[in-house]
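Written below as structure tokens is the structure these notes are about.
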Amino acid sequence: MITIRREENRDRQSVRLIYKAAFGQPTEADLVDTLRKSCPDRLALVAEEGKEVVGHILFTPASITTDDGNKISGMGLAPVAVPPDLQGEGIGSRLVNEGLAILKSRQYPFVIVLGYPLYYPRFGFVPAERYNIRCQWPDVPSEAFMVRILDKEVMSGISGGTAYYRDEFNQAV
Ligand SMILES: CC(C)(COP(=O)(O)OP(=O)(O)OC[C@H]1O[C@@H](n2cnc3c(N)ncnc32)[C@H](O)[C@@H]1OP(=O)(O)O)[C@@H](O)C(=O)NCCC(=O)NCCS
């Protein structure tokens with residue numbers, strides 16, 4: 001049985017191994033280690049089966065600077081990983097859904113993600129360009145940059161803007 005819980009200090013090494021295996025490089029593992037130290041406002045969850053950590057997801061503060069000069073704070077999803085031999089069993093979906101439910105209960109108005117256009121729509125993400133929201137990195141394919149609206153009222157006032165992850169992500173993109 002898979003359970004989802006908050007990440008704890010003791011999970012650090014397992015989480016690192018999962019990212020290295022899932023991405024085939026240390027970049028994402030390093031990013032998670034960096035944000036663990038620098039970002040107290042993160043939401044980090046692990047999936048656990050028995051005593052084994054079998055997935056991880058991280059959400060960190062993100063913002064949208066609107067074209068008329070306002071700033072709206074939300075969250076950014078990145079990264080998420082499940083070990084290669086356990087992918088496709090629903091673990092990633094559990095992590096994403098649990099994270100979104102927590103963030104909605106904390107009244108964050110939106111979550112952005114830069115990822116697979118065929119994966120994230122099942123969680124309610126839509127292309128951010130539908131709201132005229134641009135990614136801070138201009139070269140990313142527009143369909144890969146998505147937003148999940150959690151508070152329609154707050155977001156209804158936005159007629160365009162640029163979304164930003166935390167600065168730490170600049171090193172990883
Ligand atoms: C992406 C990832 C976290 C999904 O976790 P998971 O536990 O395998 O996902 P689930 O079992 O909940 O969902 C499986 C679905 O994801 C889809 N999926 C997985 N990787 C995908 C990809 N690269 N592009 C599109 N869809 C993908 C599968 O096709 C499957 O679709 P289906 O339900 O229609 O059959 C996992 O595959 C992973 O760690 N991948 C490597 C790291 C990575 O790319 N992370 C995401 C960065 S944005």
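Index from 1, following the sequence. Everything numeric in this text was worked out from a predicted model, so none of it was measured. Read the numbers this way: they start at 1 and go in the same order the structure lists the ligands and their atoms.
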Return a table of donor-acceptor pairs under 3.5 angstrom between the side chains of residues 133-144 and protein atoms on other chains or two or more places apart.
from, atom 1, to, atom 2, distance (Å)
Arg134, NH2, Asp67, OD1, 2.7
Arg134, NH2, Thr162, OG1, 3.3
Gln136, OE1, Tyr165, N, 2.6
Trp137, NE1, Asn170, OD1, 3.0

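- Ligand 1 has no atom lying under 4.0 Å from any heavy atom of Tyr19.
- Looking only at protein heavy atoms, the nearest one to atom 48 (S) of ligand 1 is Tyr120 OH, 3.2 Å.
- Distances between N or O atoms of Leu86 and those of ligand 1 include no value under 3.5 Å.
- There is no protein heavy atom closer than 4.0 angstrom to atom 19 (C) of ligand 1.
- Among Ile149, Ile112, Val113, the single residue meeting the side-chain contact (heavy atoms from CB on, under 4.5 Å) criterion with Phe125 is Val113.
- Going from atom CG of Leu103 over to atom CZ of Phe110 covers 11.0 Å, rounded to the nearest 0.5 Å.
- Distance screen at 4.0 Å: atom 35 (O) of ligand 1 has no protein heavy-atom neighbour inside the cut-off.
- Here the side chain of Arg166 pairs no donor or acceptor atom with the backbone of Thr60 at under 3.5 angstrom.
- Of the inter-residue distances, the one linking Leu58 atom CG with Glu7 atom CD reads 7.5 Å to the nearest 0.5 angstrom.
- Here is the list of ligand 1 atoms found below 4.0 Å of a heavy atom in Gly88: 6 (P), 7 (O), 8 (O), 11 (O).
- Between Lys20 and Glu28 no salt bridge is recorded (no basic side-chain N to carboxylate O distance below 4.0 Å).
- For the pair Val82 and ligand 1, the shortest N or O to N or O distance falls below 3.5 Å.
- Nearest protein heavy-atom neighbour of atom 38 (C) of ligand 1: Gln87 NE2, 3.3 Å.
- The nearest protein atom to atom 47 (C) of ligand 1, hydrogens excluded, is given as Phe23 CZ, 3.8 Å; this is a heavy-atom distance.
- The protein non-hydrogen atom at the shortest distance from atom 22 (C) of ligand 1 is Tyr116 CD1, 3.3 Å.
- Taking a cutoff of 4.0 Å between a charged side-chain nitrogen and a carboxylate oxygen, Arg16 and Asp11 do not qualify as a salt bridge.
- The pair Asp151-Lys104 does not meet the salt-bridge criterion, since no charged nitrogen lies less than 4.0 angstrom from a carboxylate oxygen.
- Residue Ser93 has at least one heavy-atom neighbour below 4.0 Å for each of these atoms of ligand 1: 10 (P), 12 (O), 13 (O).
- Annotation: Tyr119 places an N or O atom under 3.5 Å from an N or O atom of ligand 1; distance criterion only.
- Between Gly90 and ligand 1, at least one pair of N/O atoms sits closer than 3.5 Å.
- In terms of protein heavy-atom proximity, atom 5 (O) of ligand 1 is closest to Gly92 CA, 3.5 Å.
- Atom-to-atom distance recorded for Ser105:OG and Leu150:CG is 10.0 Å, nearest 0.5 angstrom.
- At least one heavy atom of Arg122 sits closer than 4.0 Å to an atom of ligand 1.
- Atom CE of residue Met75 and atom CG of residue Leu77 lie 10.0 Å apart, to the nearest 0.5 angstrom.
- For ligand 1, the polar-atom distance check finds an N/O of Val80 within less than 3.5 Å of one of the ligand's N/O atoms.
- Near Ala81, the atoms of ligand 1 lying under 4.0 angstrom from a non-hydrogen atom of the residue are 39 (O).
- Of the possible polar contacts, one joining the Gln87 side chain to the Val82 backbone as a donor-acceptor pair under 3.5 Å is found.
- Closer than 4.0 Å to atom 28 (C) of ligand 1 lies none of the heavy atoms of the protein.
- Going from atom CZ of Arg122 over to atom OG of Ser93 covers 5.5 Å, rounded to the nearest 0.5 Å.
- Protein heavy atoms come within 4.0 Å of atom 43 (C) of ligand 1.
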